[in-house]
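One structure is given here, and the rest of the page talks about it.
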Amino acid sequence: MSESTQTYSMHELVSLCKRRGFIYPASEIYGGINGFWDYGPLGTALKNNLRDLWWRDMVQRPPLGPDGNEVSIVGLDSAIIQNAKVWEASGHVGGFNDPMVDCRETKARYRADHLMCLGLKGDRSGQIYAYVDGDEDSLAAAQKKLEKYVKKALSPDDVDTCQLTALSAEELAVTVGPDTKNAGTLTEPRQFNLMFDTTTGAIRNEDSKVYLRPETAQGIFLNFNNVVDTMRVKVPFGIAQIGKAFRNEVTPRNFIFRSREFEQMEIEWFCHEDDAEKWFEFWCDVRSSWWQSIGLTGANIMMRKHDDDELAHYAKEGCGTFDIEYRFPFTHPGFGELEGVAHRGNYDLSRHQEFSKKKLAYFDQAKNERYLPHVIEPSAGLSRGTLALLCEAYTPDPDRASKVYMAFHPKIAPIQAAVFPLVGKDGMPEIAHQLWSELRERWDVVTDVKQSIGKRYARMDEAGCPFCFTIDGDTASDQAVTVRHRDTQAQERIALDQVATFMSEKVG
RNA sequence: GCGGGCGUAGCUCAAUGGUAGAGCGUCAGCCUUCCAAGCUGAAUGUUGAGGGUUCGAGUCCCUUCGCCCGCUCCA
């Protein structure tokens, strides 16, 4: 859908994805498993096309830099499981374990570290009032409730404040939640483990505990020295990686948008601190136009600067973070994140240097200076990108037989062309088979002899195949075929020996 | 994790506590010279799973799993 208005619901798309072999629920015959999905034949092709295009456009032939010179990016494929200390250094072991507190009465949920408590100074037996840190209204409400409880106005000197996490179980039992009047409705802070863990080796204990990576980025930082030492790269340069990452999301939701196993396409761009701003702008532009080049255009895609209060623990305040967001049906009229371009400063390298005790500084010959490079990180979701492509392509059309077609950009379509004999006789299947054999050397092409031509066109509409080449009774004599265009259903006739040229022009 | 809704063929959905069905899709055959045509036929279900009540459960009860919506979360 290219308009800004929502014209279909998510379950229609989910249904088509199942019906046409794009995406299936994982472990379906065993009742499924929450937060995991399997890619079917067409979904795999679509995702692979997106992945390969990214690799080609970012690693094999990246765009020219802001000064007009070629940029240097090398590829990497690091292990999903690394030394557990990696995630302490990265901040994930701490940052990923947010204790949560639920209110049994109001059903509200709070981050325990966001709750503060108010109590009468010196009073160990009376009620305690929780409020949300930084929320003036919440604080005022707590103060008011406390004053009502002790039946007098209180000055700041009369009260004590502390973190909710510092309370004992007894104190928690007499604590009144931010949005209720009764004490003892808050649950104990509960830990949500956002990283999956497992163990290595034969002995299973705390020392053998390891984590499945929650992002591919850290594998790049771990290999920064290796790449510098072996690949003759000079700052500025980038290291790119595509791979699976795992997050034990509290609530997997919205099809493959928030799943527990997903794929990322990340670049860590290493540069001098003085140039970070310039490169940040550069990558925002490059990544924004890249998504547009594969068909995500118009009002459904936008760039958004993060508000300061939602900056990640690694985000450098200077440049902040930009999101490239897509208007998914389930976020409509809002947007959901496709990619974040973050200025990570030298946070990661300095943390790994500190935790590993290995020097990670880069020596710059030209500047005769040794420093930890700053990092600009364009981090894209391959799974989310695939979902955005599916959402963008889904086009209801009550006037055509399939009632819907998938308007994929020809570059990423899972089936790029189909070759059909108009009917299965008079030598047409033989010509079709010959043309199909030639085209499949270079493109994803299918052929089909069975059933009526209209039915075969309709199937290709749902699969999102942009072009069908049909051999008819005249082809043998005039050496021409009919091209049927998916989006317009228009037909034109071109020479049989020009089909490959047509594909080169339209698909690339 | 909480609240609400839902779960029946590949998909969309029917079936008063009493024989599990339809449409579409899929497949096969015939037909067919440009849009799911037509005709004939076929396959596919432990009604998400497990227990219970009942002479009898898709239907009622309990548990559990999954999906959707809201809260929460989204480093």
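Owing to the predicted nature of the structure, the values given are computational and were not obtained by experimental measurement.
- For A:Gln218, the side-chain hydrogen bond (donor to acceptor under 3.5 Å, both in side chains) partners are A:Glu215, A:Asp348, A:His352, not counting sequence neighbours.
- Although no hydrogens or angles enter the test, the distance criterion places a donor-acceptor pair under 3.5 Å between the side chain of A:Arg351 and the main chain of A:Ala89.
- Using bins of under 30°, 30° to 60° and over 60° for the plane-to-plane angle, the ring pair A:His485/A:Phe467 lands in the perpendicular bin.
- Here A:Lys18 reaches the OP1 or OP2 of B:rC11: one of its side-chain N or O atoms lies under 4.0 Å away.
- With a 3.5 Å ceiling on both atom-pair distances, B:rA15 lacks any Watson-Crick or G-U wobble partner.
- Base pairing of B:rG38: its partner is B:rC30, meeting the Watson-Crick or G-U wobble criterion (both donor-acceptor distances under 3.5 Å).
- To the nearest angstrom, P of B:rC35 lies 16 Å from CG of A:Asp397.
- In this structure, A:Phe328 has its ring center under 6.0 Å from that of A:Phe330.
- The distance between atom CH2 of A:Trp37 and atom P of B:rG66, rounded to the nearest whole Å, is 11 Å.
- The base of B:rC35 is paired with the side chain of A:Arg484 by a donor and an acceptor separated by under 3.5 Å.
- In this structure, A:Gly340 reaches neither bases nor backbone, as no heavy-atom distance under 4.0 Å exists between it and the strands shown.
- Side-chain nitrogen and oxygen atoms of A:Asn34 include at least one within less than 4.0 Å of the OP1 or OP2 phosphate oxygen of B:rC67.
- Judged by distance alone with a 3.5 Å cut-off, no donor-acceptor contact links the side chain of A:Ser15 to the base of B:rC11.
- Residue-level contact check: A:Phe255 touches the backbone only, with heavy atoms under 4.0 Å from sugar-phosphate atoms and none from bases.
- Not a single donor-acceptor contact under 3.5 angstrom links the side-chain atoms of A:Glu249 to the base of B:rC73.
- Using N1 to N3 plus N6-O4 or O6-N4 for Watson-Crick, or N1-O2 and O6-N3 for G-U wobble, each under 3.5 Å, B:rU59 pairs with nothing.
- Under the 3.5 Å distance criterion, the side-chain polar atoms of A:Glu273 are left unmatched by any main-chain donor or acceptor of A:His374.
- By the side-chain hydrogen bond (donor to acceptor under 3.5 Å, both in side chains) test, A:Arg384 pairs with no residue at all, sequence neighbours left out.
- Between A:Asn254 and B:rC67, a side-chain N or O to OP1/OP2 separation shorter than 4.0 Å is absent.
- Base pairing annotation: B:rG66 forms a Watson-Crick or G-U wobble pair with B:rC6, both donor-acceptor distances under 3.5 Å.
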Could you write nucleotides 20-33 of chain B as a row of B, S and -, 5' to 3', where a protein heavy atom under 4.0 Å of any base atom gives B, of only sugar-phosphate atoms gives S, and otherwise -? ------SSSS--BB
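- Checking B:rG1 for Watson-Crick or G-U wobble geometry (two distances, each under 3.5 Å) identifies B:rC71 as its partner.
- Partner A:Asp461 forms a salt bridge (Lys or Arg N to Asp or Glu O under 4.0 Å) with one of A:Lys403, A:Arg484, A:Arg456 and no other, that one being A:Arg484.
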